[in-house]
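Notes follow once the structure below has been shown.
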Amino acid sequence: MLTLANSDLRLELLDPTTDRARLGPRFCWGGSLWQVHDRHAGPVLTGPEWPKPDPSAWNSQGLPESFRHRTRDGRPLTWQGAEGVALGAGALALDAAGGVTVTRACQWRVAAHADRLVFETDQEAAGRNYALRREIGLTGRTVRSATRLTNRGLAPLHLEWFCHPFFALTDGVIDATLPEGSGLPENPGFALAGRAFTQKRRFAHEQDGHLDFLRLPAGGNLAVRLTHPVLTHVDFETSFAPSECLVWGNSNTFSIEPYQVLDLAPGQTQEWSLRYTFGPVF
């Protein structure tokens, strides 16, 4: 693994070359943040299979991000016939069982600096040609994930991106403060009263959970404050207004997932970032 540290936190990131057993077609390989360690409290992030040391590549843990190669209902986004591409992972194909596999991985260039790690790659596959830069920075107790995507092809590049942060539960549940004007449909898992987001019950096991769609105020960036079992809080914010936002949890973790629809004309570049601030230990 790759590490980035200061006097407050130590970050563990998956190495796109040596940690491939923990990577797959779902999440971007460069800049995949596996764990954040507080100097005094230890690991502060979880995952769907937590505390297993080697969760599946599909579930992962920490703060992964994804360029979707298919929509949620299965429609292809970055496929051309039998070949696809997951930006930041590599060229894709279907195996005999119909599962998606990475057939030709991205080649990432990694540069280490005192306060950041920079990951860069470019690839041409499935009729797409792109360059991708990921930067993970650490300042005090704040982690910043910044992405720059360039369409180097001759045709428009259309896809979806989302992040899937896995926050720790406190006594089996999460509480969060959402932006003013947020909404949530009636459901069996979560509740929203004003800005206060809560769980209606503790989920019993890994397969017990709930997923729903959060309605955010139009045009506003996402900013959330979450509870934590050993820290005063965790703040999470985006530099963009999400196109949609999911909330999901099971017995091991909770995730709030902002999405973006990306439409890049030939030669166009788009940049965005996420910020996580980890409050001090109680």
Side-chain angles (χ1 to χ4, degrees), residues 9 11 13 26-28 30-34 36 44-47 60-68 71-72 87-88 116-119 132-150 157-168 174-184 190 192 195-197 211-228 231 233-249 253-264 268-279:
L9 303 174
L11 313 187
L13 295 95
R26 188 182 189 196
F27 295 119
C28 181
S32 184
L33 210 166
W34 183 254
V36 174
V44 299
L45 298 170
T46 59
S60 195
Q61 69 168 48
L63 304 175
E65 302 179 25
S66 175
F67 292 90
R68 294 186 68 102
T71 63
R72 199 176 300 107
L87 274 63
R116 67 194 187 280
L117 290 170
V118 178
F119 302 78
L132 181 60
R133 184 182 191 272
R134 300 267 295 115
E135 180 179 307
I136 306 296
L138 176 62
T139 304
R141 300 187 68 85
T142 296
V143 177
R144 182 174 180 268
S145 171
T147 300
R148 183 177 70 207
L149 173 63
T150 300
L157 179 61
H158 174 75
L159 70 158
E160 297 176 357
W161 168 96
F162 74 102
C163 68
H164 207 328
F166 294 117
F167 298 110
I174 198 76
D175 293 283
T177 304
L178 302 182
E180 189 72 41
S182 297
L184 184 70
F190 305 117
L192 180 61
R195 298 180 62 196
F197 178 93
L211 180 147
D212 227 304
F213 291 83
L214 186 67
R215 296 190 300 271
L216 296 173
N221 297 355
L222 176 66
V224 182
R225 173 162 289 194
L226 304 106
T227 55
H228 193 276
L231 307 178
H233 64 277
V234 177
D235 287 335
F236 170 45
E237 55 186 304
T238 69
S239 68
F240 57 89
S243 58
E244 63 177 357
C245 190
L246 276 63
V247 285
W248 174 85
T253 195
F254 171 77
S255 185
I256 182 165
E257 307 167 34
Y259 276 66
Q260 286 194 98
V261 173
L262 302 174
D263 283 298
L264 279 72
Q268 184 179 358
T269 295
Q270 189 164 337
E271 300 183 49
W272 64 93
S273 64
L274 307 170
R275 189 179 300 272
Y276 302 89
T277 299
F278 299 89

Side-chain heavy-atom pair [X], [Y] within 4.5 angstrom cut-off:
| X | Y | answer |
| --- | --- | --- |
| Trp161 | Leu149 | no |
| Val224 | Phe167 | no |
| Phe213 | Leu246 | yes |
| Val143 | Ile136 | yes |
| Cys163 | Ser66 | no |
| Leu274 | Leu63 | no |
| Glu244 | Leu216 | no |
| Cys245 | Leu222 | yes |

Shortest non-hydrogen contact from [X] toward [Y]:
| X | Y | answer |
| --- | --- | --- |
| Pro242 | Gly220 | CD-O, 3.7 Å |
| Gly181 | Pro217 | C-CG, 3.9 Å |
| Val261 | Ser243 | N-OG, 3.5 Å |
| Arg116 | Gly137 | CB-CA, 3.9 Å |
| Ser182 | Leu192 | O-CD2, 3.5 Å |
| Leu138 | Leu9 | CD2-O, 3.8 Å |

Would a distance-only check, ignoring hydrogens and angles, find a side-chain to backbone donor-acceptor pair under 3.5 Å from [X] to [Y]?
| X | Y | result |
| --- | --- | --- |
| Ser239 | Trp272 | no |
| Ser255 | Glu257 | no |
| Arg195 | Leu178 | yes |
| Gln61 | Thr46 | no |

Legend entry - Pairing residues for Thr269 by the side-chain hydrogen bond (donor to acceptor under 3.5 Å, both in side chains) criterion, not counting sequence neighbours: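 side-chain hydrogen bond (donor to acceptor under 3.5 Å, both in side chains) list for Thr269, sorted by chain: Thr150.
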Legend entry - Derivation and outcome, side chain to side chain contact (heavy atoms under 4.5 Å, CB included), residues Leu87 and Leu157: CA-CA 11 Å; Leu87 274 63; Leu157 179 61; 4.2 Å; yes
Supply the atom-to-atom distance [X] [atom1] to [Y] [atom2], rounded to the nearest 0.5 angstrom.
| X | Y | atom1 | atom2 | result |
| --- | --- | --- | --- | --- |
| Glu65 | Arg134 | CD | CZ | 4.0 Å |
| Asn221 | Thr238 | CG | OG1 | 4.5 Å |
| Arg144 | Glu135 | CZ | CD | 6.5 Å |
| Glu160 | Asp263 | CD | CG | 10.0 Å |
| Thr139 | Arg275 | OG1 | CZ | 8.0 Å |
| Phe197 | Thr227 | CZ | OG1 | 10.5 Å |

Inset, instruction - From the options Phe254, Tyr276, Phe166, select the one residue that forms a ring pair (Phe, Tyr, Trp, His ring centres under 6.0 Å) with Phe236. - result: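 It is Tyr276; the other options fail the test.
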Legend entry - Candidate pair Thr147 and Phe119, rule side chain to side chain contact (heavy atoms under 4.5 Å, CB included), full reasoning: CA-CA 10 Å; Thr147 300; Phe119 302 78; over 6 Å; no
Legend entry - Cation over ring face, Arg72 and Phe162, 6.0 Å, 45°: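 No.
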Inset, instruction - Would you check if there is a donor-acceptor pair between the side chains of Arg141 and Thr277 at a distance under 3.5 Å? - result: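 No, because no side-chain N or O of Thr277 sits under 3.5 Å from a partner of the opposite role on Arg141.
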